[in-house]
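Each remark here refers to the structure printed beneath this line.
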Amino acid sequence: MANRTLVVCYILIVWFAISFVTNIIGPLMPVIIRDFGLSLTLAGFLPFSFFLAYGVVSIPAGIMVETVGPKTTLVTAFCLNLTGALLFALLPSYAVAVGALFVIGVGMAMLQVVINPLMRTAGGEANFAFFSVMGQLVFGLASFVSPLVFAAMMARGTRNASLFGLPATDPAWIALYWVFGAIFAVLIVGTIAMRVPHIVLKADERAGNALAYRQLIADRKVRFFFLAIAAYVGTEQSLANWMSQFLATYHGVAPETEGARAVAMFWGWMVIGCALGLVLLKLIDSKIVLRIAAIAAIACVAAALFGGRSASLIAFPAAGLCISVMFSIIFALALNSVSRDHGAFSGILCTGILGGAIAPLLVGIVGEWMGLRAALLIVFALLGFILSVSFWADPLTRNQTIDLRKRLRPAVAAEGDSQ
């Protein structure tokens, strides 16, 4: 029992580390552009290289978990993360950054594949839903904290300042990657020392064979759900990665302070939105929740792109609230739309995270010759496709909702009898 509790706490720490490192790219984007003298197109390759790893590695990582077990997979992933962080910290340049972010992305993709079934094993199936939500909240908390740590570091403002006692670096924000390296080194030691339970994968967690993938990919609705996941992650990462640069370009917002705080609030509102979504999904059909969220997100992005400075600073974070429920709803609708090979289908859907590589890169390329405001119009197309899911999705099983009218009717009747 004690070891199970330790493993659950360990997994929550891993979720925090994944999010803390992953979502630093957004607030860093305008600073990297400035310090490395990048065009928007070149800057777009930074998130591209990171999220490309998810598209390439998600399915092979699932096979690796089945073949060599969770502990070896975890240690390998953290070693890749450490290698990427140290590579960038030691040789801070654009070319190294692209390669290092890909290596870190490979490690992160491997971690996300292994920790969900590990959480089910350690926490027990009866508690899996609870711990999964807790993991999402920890992930969101780290996404909120990460830009604030960056802002606090930059507020010390100086290229000669050190962070957490580390030697001064040039540029100053490179010190973050020394911190990341230290985090990964501690996690490697902790993972080696810990007794990681053996995972018995369920049918919907197994990677599946080649035939299963061929049959699924031949299904039109499977391809559409894959595109929907890609559209969601593309939306999320386009907003998170280009928000600070947009605010700096069009409204003169300092990326080291207000820009970083806007990114932090984007992730913070996503956490709140997840909690609100849990309530809504008990009351309303998931397709309706998705439809409302998509329409609200479109309105927020429009206000962010075409409103004034104050409107943008409010609307960009508010978009995080609106899109927060989309990933889980699309994923659930997808799995509930097929009756078999859920493990293979999950692998295909997770490969859709590749959208987080492609969409921000397209924004950078288009922004180079049309401006960032015009480039971010791509987000409307992505949200429009997500909105369409709420009309054409036809799951075999719908989310169970509470009929408040039925629950209130006995109470009203009882009150009438008493009178």
Side-chain angles (χ1 to χ4, degrees), residues 22-52 94 97-98 101 143 147 150-151 154 171 173 230-267 269-270 297-320 322-323 355-386:
T22 298
N23 294 313
I24 200 66
I25 299 175
L28 273 178
M29 186 73 89
V31 182
I32 292 176
I33 290 172
R34 180 194 66 201
D35 289 347
F36 288 167
L38 304 179
S39 65
L40 295 182
T41 299
L42 290 177
F45 276 101
L46 296 172
F48 174 83
S49 63
F50 185 89
F51 283 95
L52 176 65
Y94 171 73
V98 172
L101 286 174
S143 300
F150 164 75
M154 298 306 290
W173 50 267
Y232 167 76
V233 183
T235 297
E236 176 195 277
Q237 292 302 314
S238 293
L239 293 175
N241 289 325
W242 288 111
M243 178 193 314
S244 186
Q245 181 64 31
F246 179 93
L247 291 170
T249 300
Y250 293 99
H251 301 300
V253 173
E256 299 90 342
T257 52
E258 283 186 284
R261 281 195 290 272
V263 178
M265 292 307 299
F266 173 82
W267 294 111
W269 278 111
M270 282 194 72
I298 290 170
C300 286
V301 173
L305 296 183
F306 301 107
R309 184 180 189 273
S310 297
S312 287
L313 285 170
I314 294 171
F316 269 125
C322 300
I323 70 172
I358 296 171
L361 177 60
L362 285 177
V363 170
I365 292 171
V366 176
E368 192 67 37
W369 58 281
M370 291 185 65
L372 199 50
R373 177 176 279 130
L376 282 168
L377 295 178
I378 292 171
V379 173
F380 288 118
L382 301 175
L383 288 171
F385 185 79
I386 293 170

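Numbering of residues begins at 1 and proceeds along the displayed sequence.
Here CD of E258 is found 11.5 Å from NE2 of H251. Values are rounded to the nearest 0.5 Å. Atoms CZ and CG, on R261 and L313 in that order, are 9.5 Å from each other to the nearest 0.5 Å. We find the CD1-CG distance between I25 and L101 to be 5.0 Å, quoted to the nearest 0.5 Å. Within the model, atoms CG of L376 and CG of L362 stand 11.5 Å from one another, a figure rounded to the nearest 0.5 Å. Summarising the geometry, atom OG1 belonging to T235 is positioned 4.0 Å from atom CG belonging to L382; distances are rounded to the nearest 0.5 Å. From Y94, atom OH reaches atom CD1 of I32 across 10.0 Å, with rounding to the nearest 0.5 Å.
Between P360 and N241, the shortest heavy-atom distance links the atoms CG-ND2, 4.1 Å. Across A262 and P317, no two heavy atoms sit closer than the pair O-CG, 3.7 Å. Closest approach of L40 to E368, counting heavy atoms only: N-OE1, 2.7 Å. Taking every heavy atom of both residues into account, W242 and I33 meet most closely at CZ3-CD1, 4.1 Å. When all heavy atoms are compared, the tightest approach of S244 to G259 is OG-CA, 3.7 Å. Of all the heavy atoms in A311 and A303, the pair that sits closest is CB-O, 4.2 Å.
For L377, the side-chain contact (heavy atoms from CB on, under 4.5 Å) partners are L305, F306, F380, not counting sequence neighbours.
For the pair V31/F150, a side-chain contact is recorded, criterion being any heavy-atom separation below 4.5 Å from C-beta on. Between M29 and P255, the closest side-chain pair of non-hydrogen atoms is not below 4.5 Å.
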**Report entry** Pair Y250-L372, side-chain contact (heavy atoms from CB on, under 4.5 Å): steps then yes or no
**Finding:** CA-CA 9 Å; Y250 293 99; L372 199 50; 3.9 Å; yes
Report task. Could you walk me through whether W267 and E236 pass the side-chain contact (heavy atoms from CB on, under 4.5 Å) test, one step at a time? Result -> CA-CA 10 Å; W267 294 111; E236 176 195 277; 3.6 Å; yes
Query - side-chain contact (heavy atoms from CB on, under 4.5 Å) assessment of T22 paired with F51 - result: CA-CA 10 Å; T22 298; F51 283 95; 4.1 Å; yes
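For W173 and F36, the distance between ring centers is under 6.0 angstrom.
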